[in-house]
Amino acid sequence: MPYTAPVPEFTFLFDHVVGLAEVAGTDRFEEASPDMVSAILTEAGRISEEVLAPLNRVGDETGAVLENGTVRTSPGFAEGYTAIAEGGYVGISADPEYGGLGLPLAVTTAVNEMIGSACLSLQLNPLMSQGQIEALEHHGSDALKALYLPKLISGEWCGTMNLTEPQAGSDVGALRAKAEDNGDGTYAITGQKIYISWGDNDFSENVCHLVLARLPDGAPGTKGISLFMVPKFIPNADGTPSARNSLNVVSLEHKMGLHGSPTAVMQYDGATGWMVGKPHGGMAAMFTMMNNARLGVGVQGISAAEGAYQHALAYAAERKQGRSPVEGGTGAIIDHADVRRMLMQMKAEIFAARAIALDTAVSTDMATATGEAKYAARAALLTPITKAYGTETGINVSQLGIQVHGGMGFIEETGAAQYLRDVRVTAIYEGTNGIQAMDLVGRKMLDGGAAMFALLDQMDAVAAAAGDMGSALKSGADALRDATKKLVTLELNDRFAGAVPYLLGAARVLGAFYHVKAAMAEGQDGPRTKLARYFLAHLFPQADALLSAAVLGADDFYALTPEELAS
């Protein structure tokens, strides 16, 4: 499927909307000059267009399979992965001490989006490794770092995360996998894990699994869980793979989409593992990886949205159907008002979701560079919004892409349906979007809404300088401020009942904020200003209804008994 990398869009957002210059102005990220960032984005865009995009359809039609205990990946995926690894894109933000480039997470986020738009199934692989790299950097022993990080960063080895078990989905604390001390610094890991993205492949030297398991003295629930590094091949001291470990891929899931990404059921039978972090501290270590992945999965949603939009736009510009309703039109369906409605919504939603994701990454980078709590709080607040709104945008834009194609959208040969099939799971894995919303109104509101109010203060300042657009933004910011004040007074289950509309309403207000900033930076009635006016007039009003619903409580959801629901 043809794809054009939106490098100019990333450059504009970095320069005028999310403030990458502030990140580059810190000692930690001083090498992230405009020239350096431009060169990385340009080359990553070229690889995405020329090497990876041709693999997207291949992976869908000829997915990964399990043959005699070995995973066989889709044709061309090995070469595509090599291009990603040799380009340095696995370790863009990793520690230079171990071979990484040490550049901002914001740059990695932009690169990941382009790779995902080109071939989402393959992009899942380096995304998992990036999360594992970060977990090891923060929680691994010096010996584990020295052995594993250079191999993971170079892409010679791949990483996974193993949380879910058949009886324990989102309730990780119900896991049964066990770890027993071997007395030599290693542990015997036994248990089964499911839904393991890229649980194996046929192109890397080793596959390194981060596995949650419980020690014999581990307390019930999440507080008694430890984290272990369990490699497919036990490495020698020099990093060369040695004996095969006692773990196997039992089966691969038959999935709605992402056929090129092998999703494995993993069995561990006394497999040798090394503890990462402290005993019973596995969730703290794994959350480092999960937070990285939640940003990454939100970006996967944006990736699919961008791919679907480009696919639909190209079709709309070529498909002749009916009479052109506008004088001097092209004669293609892009002339029709309803098609334009869908294309405008797609474009406006992508901009908003992309800006939220990049702001999350920039906030994370500033927290890393300065250690200031205000940046960490902003990143924490925006992460669940990025994950949920980014993936909802991917789903909504992909289904609109099918609609733009009309009947041909339902025909697999056009490729329009693949974007929706591939992206649908992103609203489920790495914490369902409902869980993200509950995290936002629960854990992220333990500060009484302080992080949200600080963000709203920034919106008010922009609104004051934005003319007529500013009045609309101010009204939305006021509505979000009022909803937040009410929300933090509610009992927890009442908060949870309104969590999803609150998150989506907040995303609408954030979207308006970034659209207005873009229009102000443009300084004329150009394309960005026109797109901002569309967003404010047609999508932004939804925020009022969503935020009103967010504070209604849970009573209406329990009005019908289970028997009445079934009648």
Side-chain angles (χ1 to χ4, degrees), residues 9 12-14 16-19 298 301-302 305 309 341 343-360 362-363 378 381-390 392-393 396-397 437 440 449 451-485 487 500-551:
E9 188 73 356
F12 178 87
L13 282 161
F14 282 153
H16 302 293
V17 179
V18 300
I302 302 164
Y309 172 67
R341 172 189 66 82
L343 293 172
M344 286 292 285
Q345 180 176 342
M346 295 163 84
K347 187 174 181 66
E349 294 273 34
I350 290 168
F351 178 89
R354 182 180 283 140
I356 293 173
L358 292 178
D359 194 348
T360 305
V362 164
S363 299
R378 183 183 178 109
L381 179 78
L382 290 176
T383 294
I385 301 175
T386 293
K387 195 279 182 183
Y389 178 57
E392 293 291 339
T393 295
N396 293 335
V397 168
L440 176 64
M452 180 62 81
F453 295 141
L455 184 54
L456 288 166
D457 289 343
Q458 292 187 11
M459 292 187 197
D460 288 343
V462 169
D468 60 332
M469 285 189 184
S471 61
L473 175 59
K474 182 65 167 65
S475 68
D478 288 345
L480 180 54
R481 189 183 298 273
D482 290 343
T484 304
K485 289 178 179 178
L487 191 78
V500 168
Y502 178 82
L503 184 149
L504 295 176
R508 278 282 179 257
V509 177
L510 283 164
F513 175 51
Y514 301 119
H515 271 291
V516 169
K517 288 185 74 173
M520 293 173 67
E522 188 175 54
Q524 56 184 334
D525 194 24
R528 298 183 189 282
T529 302
K530 294 173 183 176
L531 190 65
R533 293 191 187 283
Y534 162 81
F535 187 92
L536 291 171
H538 293 271
L539 301 181
F540 189 41
Q542 297 169 6
D544 283 338
L546 289 163
L547 294 171
S548 295
V551 295

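- With sequence neighbours excluded, the residues forming a ring pair (Phe, Tyr, Trp, His ring centres under 6.0 Å) with Phe12 are His16, listed by chain and number.
- Remark: Ala545 engages no residue in a side chain to side chain contact (heavy atoms under 4.5 Å, CB included) (not counting sequence neighbours).
- Every residue meeting the salt bridge (charged side-chain N to carboxylate O under 4.0 Å, His left out) condition with Asp468, not counting sequence neighbours, appears here in chain and number order: Arg533.
- Side-chain contact check for Leu531 versus Met344: some heavy-atom pair is nearer than 4.5 Å.
- Nearest heavy atoms, Pro384 versus Leu503: O-CD1, 3.6 Å.
- When all heavy atoms of Val516 and Ala466 are compared, the closest pair comes out as CG1-CB, 3.6 Å.
- Of the residues listed (Leu510, Thr360, Leu381, Asp359), the one engaging Thr386 in a side-chain contact (heavy atoms from CB on, under 4.5 Å) is Thr360, and it is the only one.
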Show me the donor-acceptor pairs, under 3.5 Å and distance only, between side chains in residues 454-461 and residues at least two apart or in other chains.
| from | atom 1 | to | atom 2 | distance (Å) |
| --- | --- | --- | --- | --- |
| Asp457 | OD1 | Arg481 | NH2 | 3.1 |
| Gln458 | OE1 | Arg378 | NH1 | 2.9 |
| Asp460 | OD2 | Arg481 | NH2 | 2.9 |

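- For Phe351, the ring pair (Phe, Tyr, Trp, His ring centres under 6.0 Å) test picks out His515, with sequence neighbours left out.
- Residues that satisfy the side-chain hydrogen bond (donor to acceptor under 3.5 Å, both in side chains) test with Tyr309, not counting sequence neighbours, are absent from this structure.
- For the pair Leu358 and Val17, the minimum side-chain heavy-atom distance is 4.5 Å or more.
- The two residues Thr484 and Gly449 come nearest to each other via the heavy atoms CG2-CA, 4.2 Å.
- The side chain to side chain contact (heavy atoms under 4.5 Å, CB included) test applied to Ala506 returns Ile385, Met452, Leu480, not counting sequence neighbours.
- Residues Ala355 and Val18 come closest through the heavy atom pair O-CG1, 3.8 Å.
- Listed by chain and number, the residues in a salt bridge (charged side-chain N to carboxylate O under 4.0 Å, His left out) with Lys474 are Asp478 (sequence neighbours excluded).
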What side-chain donor-acceptor pairs closer than 3.5 Å can you find for residues 536-544, not counting sequence neighbours?
| from | atom 1 | to | atom 2 | distance (Å) |
| --- | --- | --- | --- | --- |
| Gln542 | OE1 | Arg508 | NE | 3.0 |
| Gln542 | OE1 | Arg508 | NH2 | 3.0 |

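- With rounding to the nearest 0.5 angstrom, the NZ atom of Lys347 is 14.0 Å from the CZ atom of Phe535.
- Closest approach of Gly511 and Ala352 over heavy atoms only: CA-CB, 3.7 Å.
- Taken from CD1 in Ile356 to CZ in Phe513, the straight-line distance is 11.0 Å, to the nearest 0.5 Å.
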Open item on the list: Checking Leu546 against Tyr502 for the side-chain contact (heavy atoms from CB on, under 4.5 Å) test, could you report, in this order, the C-alpha distance in whole Å, the side-chain angles of both residues, the deciding distance, and whether it holds?
Closed with: CA-CA 6 Å; Leu546 289 163; Tyr502 178 82; over 6 Å; no
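- The stretch residues 517-527 participates, sequence neighbours left out, in these side-chain hydrogen bond (donor to acceptor under 3.5 Å, both in side chains) pairs: Glu522-Thr529.
- Closest non-hydrogen pair, Ala305 versus Val397, comes out as O-CG1, 3.4 Å.
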